[in-house]
Amino acid sequence: MAFSVHSLLISDSVDASCKKILEENGINVVEKKNMTKDELLVEIKDYNGLIIRSGTKVTADVINAAKNLKIIGRAGTGVDNVDIDASTRNGIIVMNTPNGNTISAAELTCGMIMCLARKIPQGAASMKAGNWERKKFMGMELYGKTLGIVGLGRIGKEVATRMQSFGMKTIGYDPIIPAEVASTFGVEFVSLEQLWPQSDFITVHTPLMPSTEGLLNDETFAKCKKGVKVINCARGGIIDEEALLRALESGQCDGAGLDVFVEEPPKNLCLVNHPNVIACPHLGASTCEAQERCGKDIAAQIVDMVKGSSLVGAINAQALRCAVFPETKPWIQLGEALGMVAKAFTGQVNGQTKVHVATAGMSLRNTEHCVASAVTLGLLKGDLENQVNLINASLLAKEAGLTVVAKHDDAVPGDPTNVCALEISTSSASHKFLGSIQIDLPVLLEVDGAAFKQAVPLSGNLLIYKAEAYSQALQSVAGVLASAGIQIESYNVTTAVEGHQWCIMRITSLLVDLNLLEHYVKVSMQLTI
Ligand code: NAD
Ligand code: MLT
């Protein structure tokens, strides 16, 4: 599946190396920062690619206006400023650079912890105001204190190992990181209920999503140690801002380090102006090193994707990921071709259509869902033309009510291996197809249980018909084609089943009127793969 990107818009401040790499690889790059939403809606129409940081809000209306867009690249981690569902529905890849700013965000978090312990920003501001207030800024040691880490992914882990060197005890919680893994980087795994009362400092490192929004709220603050200090260098809203202000005012919370806000820049400055709050304008990734890494990474990822050599960082393109591996690429092509053949047999697919895709053989392990997406793409292609691709095929199929079930067996004794079987049933018919790969090309082996004497390459203009076994159908069909000036490039036939044979001809062009064959064959169809 080719994703050509000729023109690309960079709409936020991204390291100069990004533009350079893209241009060196033949992509025209335009940089336009600080556009209003209306300006972006007009501008975006012209581009195949968009690179952003957190400033540009890529909402559904922006995506719908982006008629030529193929890829949205986020030079950074969080993609909460991109409508992923709308991107997927429109067949647009969303990609991020999850590793580029991990160290910078972790270091800022550690800086916040130190500043909260020793009131460094407040002391510095006081001196600049001409004061010498040694008593006012009495702090605390980190040594021997407990740091509670909510979210033990990339940044949470880096924060843990750094703060251990200060002699802090690190405890943490994450729904997907097992306790044994957490212990390898020195974090004692605890439940959130255990984390709140044990921690002197709590730092959050999760994405913002319904399950993490307001994780620290009135109820959970009440479970914390009196005087707890909290840090949010992840996403605004994970710590409920109003609850935090109440906790600061009551003394339940003694200090907060905030790099992120629900609204950025925040209009309500009550938290920012609170004497025990250290606030930064979303600086977690604002280091030369992180920006260079993220800028280079996103450019290289896009270039590799265009070349078809790898697909790194894609968030919504599982099926496409298989399509770039040389060993699985032909199977994706086979799935799409089988889907197109099945569509030619069944006509319109709809809510009554049920599809089973079964892969068999070690080499197809873990690819069944990708192959099933490719089958779905083949099935939907005729109806939706250019609107469907490997990114949105499964979603569009689901919305059309199509049931697609995928399964895989490494090897079933007695059954053929390294094959893909497709069964499709509609309200009026059902068919079975068996395909495989020969010399990297998709081939059809069987139709409705009848095996072709030789595997049929699935490419080009194909005329498929079913006729009485050993009849004169071949001569008659050849005559009709010859009269229409069409040549037969290859001819394949199955064994006879219940007195009939399936035939597939590769022809130089499709027949304008398929009805010309109706006197000679039982059913016929044609397609171009
Ligand atoms: P990550 O995906 O590596 O880790 C996030 C972890 O949060 C995952 O392990 C996940 O299982 C865990 N998690 C999800 N729900 C949870 C819950 N309810 N409770 C506890 N843990 C939960 O992400 P990361 O790269 O470590 O980034 C973490 C956050 O930091 C993200 O929100 C990211 O956008 C943000 N970030 C901010 C800056 C900045 O400039 N301030 C820079 C980089 C990243
Ligand atoms: C991120 O998620 O990568 C950060 O918020 C940093 C940024 O916006 O660039």
Side-chain angles (χ1 to χ4, degrees), residues 10-15 18 33 51-58 72-82 84 94-112 148-162 171-179 181-182 185 187 189-196 199 202-217 220 231-239 257-262 264-265 278-295 297-298 313 315:
I10 299 179
S11 61
D12 286 322
S13 184
V14 175
D15 191 77
C18 178
K33 292 167 214 160
I51 290 184
I52 54 165
R53 281 183 60 199
S54 55
T56 304
K57 308 293 172 226
V58 193
I72 298 167
R74 163 75 159 99
T77 311
V79 284
D80 37 341
N81 51 327
V82 180
I84 307 280
V94 181
M95 202 181 245
N96 69 350
T97 59
N99 299 309
N101 55 32
T102 300
I103 301 293
S104 292
E107 287 182 359
L108 183 79
T109 308
C110 298
M112 289 281 198
I149 306 171
V150 182
L152 299 171
R154 286 173 289 257
I155 298 170
K157 175 184 170 186
E158 297 300 331
V159 170
T161 53
R162 279 156 183 74
I171 62 174
Y173 168 77
D174 190 301
I176 64 163
I177 305 288
V181 174
F185 50 90
V187 172
F189 194 91
V190 294
S191 68
L192 283 178
E193 288 307 304
Q194 293 168 312
L195 185 142
W196 306 131
S199 305
I202 295 173
T203 182
V204 294
H205 298 286
T206 71
L208 177 67
M209 45 191 187
S211 59
T212 61
E213 192 172 353
L215 254 182
L216 267 159
N217 53 38
T220 45
I231 302 96
N232 186 359
C233 290
R235 279 295 177 268
I238 299 172
I239 299 178
L258 303 176
D259 185 44
V260 287
F261 301 86
V262 171
E264 292 184 1
I278 301 162
C280 287
H282 203 142
L283 293 182
S286 295
T287 63
C288 300
E289 295 86 347
Q291 284 317 304
E292 191 180 332
R293 254 184 246 124
C294 290
D297 284 357
I298 197 66
I315 282 163

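Order of listing sets the numbers, starting from 1, for every ligand and every atom in it.
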Report summary line: Residue, atom and distance of the protein heavy atom nearest atom 8 (C) of ligand 1 read Asp174 OD2, 3.3 Å
Query raised in the report: Can you tell me the protein heavy atom closest to atom 20 (C) of ligand 1 and the distance?
Result: Pro175 CD, 3.5 Å
Query - Numbered atoms of ligand 1 (with element) below 4.0 Å of Gly151, judged on heavy atoms - result: 7 (O), 20 (C), 21 (N)
Query raised in the report: What closest approach, in Å, do Thr97 and Cys294 show between heavy atoms, and which atom pair accounts for it?
Result: OG1-SG, 3.6 Å
Report summary line: Counting only non-hydrogen atoms and a 4.0 Å cut-off, the residues near ligand 2 are Arg53, Ser54, Arg74, Gly76, Thr77, Gly78, Asn101, Arg235, His282, Ala285
Requested in this report: May I ask you to identify the nearest protein heavy atom to atom 4 (O) of ligand 1, giving residue, atom name and distance to one decimal place in Å?
Outcome: Gly153 CA, 3.3 Å
Report task. Would you mind reporting whether Leu216 and Trp196 have side-chain heavy atoms less than 4.5 Å apart? Result -> yes
Query raised in the report: Do the side-chain N and O atoms of Asn101 and Ser104 include a donor-acceptor pair separated by under 3.5 angstrom?
Result: no
Report task. Please answer whether the main-chain N or O of Asn96 pairs with a side-chain N or O of Arg74 as donor and acceptor at a distance below 3.5 Å. Result -> no
Query raised in the report: With sequence neighbours left out, what residues match Ser11 under side-chain hydrogen bond (donor to acceptor under 3.5 Å, both in side chains)?
Result: Thr56
Report summary line: side-chain hydrogen bond (donor to acceptor under 3.5 Å, both in side chains) filter on Asn99, not counting sequence neighbours, yields none
Report task. Compute the minimum heavy-atom distance from Thr102 to ligand 1 and say whether it is under 4.0 Å. Result -> no
Query raised in the report: Would you say Met112 and Ile278 make side-chain contact, with heavy atoms under 4.5 Å?
Result: yes
Report summary line: A student comparing Thr212, Ile176, Ile155 should find that the heavy atom closest to atom 18 (N) of ligand 1 comes from Thr212
Report summary line: The atoms of ligand 1 lying under 4.0 Å from a heavy atom of Cys233, numbered in the order shown, are 37 (C), 38 (C), 39 (C), 41 (N)
Query raised in the report: Hey, what do you get for CD1 (Ile149) to NZ (Lys157), rounding to the nearest 0.5 Å?
Result: 12.0 Å
Query raised in the report: Do Ile231 and Val204 come within less than 4.5 Å of each other through their side chains, counting heavy atoms only?
Result: no
Report summary line: The closest protein heavy-atom partner of atom 19 (N) of ligand 1 is Tyr173 CE2, 3.5 Å
Report task. Name the option, out of Gly76, Gly78, Ser211, Ala234, that contains the heavy atom nearest to atom 30 (O) of ligand 1. Result -> Ala234
**Report entry** Glu264 side-chain N/O to Phe261 backbone N/O, donor-acceptor pair under 3.5 Å
**Finding:** yes
Requested in this report: Compute whether any side-chain donor of one residue and acceptor of the other, for Ser191 and Gln194, lie under 3.5 angstrom apart.
Outcome: yes
Requested in this report: Note the single closest protein heavy atom to atom 33 (C) of ligand 1, along with its residue, its atom name and the distance in Å.
Outcome: Thr77 CG2, 4.0 Å
Query raised in the report: If you measure from each non-hydrogen atom of Ala105 to ligand 1, which part falls under 4.0 Å: side chain, backbone, both or neither?
Result: side chain
Report summary line: atom 25 (O) of ligand 1 has as its nearest protein heavy atom Arg154 NE, 3.1 Å
Report task. Heavy-atom distances under 4.0 Å are what count here, so tell me which part of Asn101 touches ligand 1: side chain, backbone, both or neither. Result -> side chain
Query raised in the report: Taking the non-hydrogen atoms of Met209, is any one of them nearer than 4.0 angstrom to ligand 1?
Result: yes
Query raised in the report: In chain order, what residues pass the side-chain hydrogen bond (donor to acceptor under 3.5 Å, both in side chains) check against Asp174, with sequence neighbours excluded?
Result: none
**Report entry** Selection from Arg53, Arg235, Arg74, Glu213 by shortest heavy-atom distance to atom 36 (N) of ligand 1
**Finding:** Arg235
Query raised in the report: Is there a donor-acceptor pair under 3.5 Å between the side chain of Thr212 and the backbone N or O of Pro207?
Result: yes
**Report entry** Subset of ligand 1 atoms that lie under 4.0 Å from at least one heavy atom of His282
**Finding:** 39 (C), 40 (O), 41 (N)
Report summary line: Within 4.0 Å of some non-hydrogen atom of Ala285, the atoms of ligand 1 are 40 (O)
Requested in this report: Please write down residue, atom name and distance for the protein heavy atom closest to atom 28 (C) of ligand 1.
Outcome: His205 O, 3.5 Å
Query raised in the report: Between Arg235 and Asp80, does a salt bridge (Lys or Arg N to Asp or Glu O under 4.0 Å) hold up when you go through it step by step?
Result: CA-CA 9 Å; Arg235 279 295 177 268; Asp80 37 341; 2.8 Å; yes
Requested in this report: Please tell me if the side chains of Thr220 and Leu215 come closer than 4.5 Å, counting only heavy atoms from C-beta onward.
Outcome: no
Report summary line: protein heavy-atom neighbour closest to atom 32 (O) of ligand 1 works out as Thr206 O, 2.8 Å
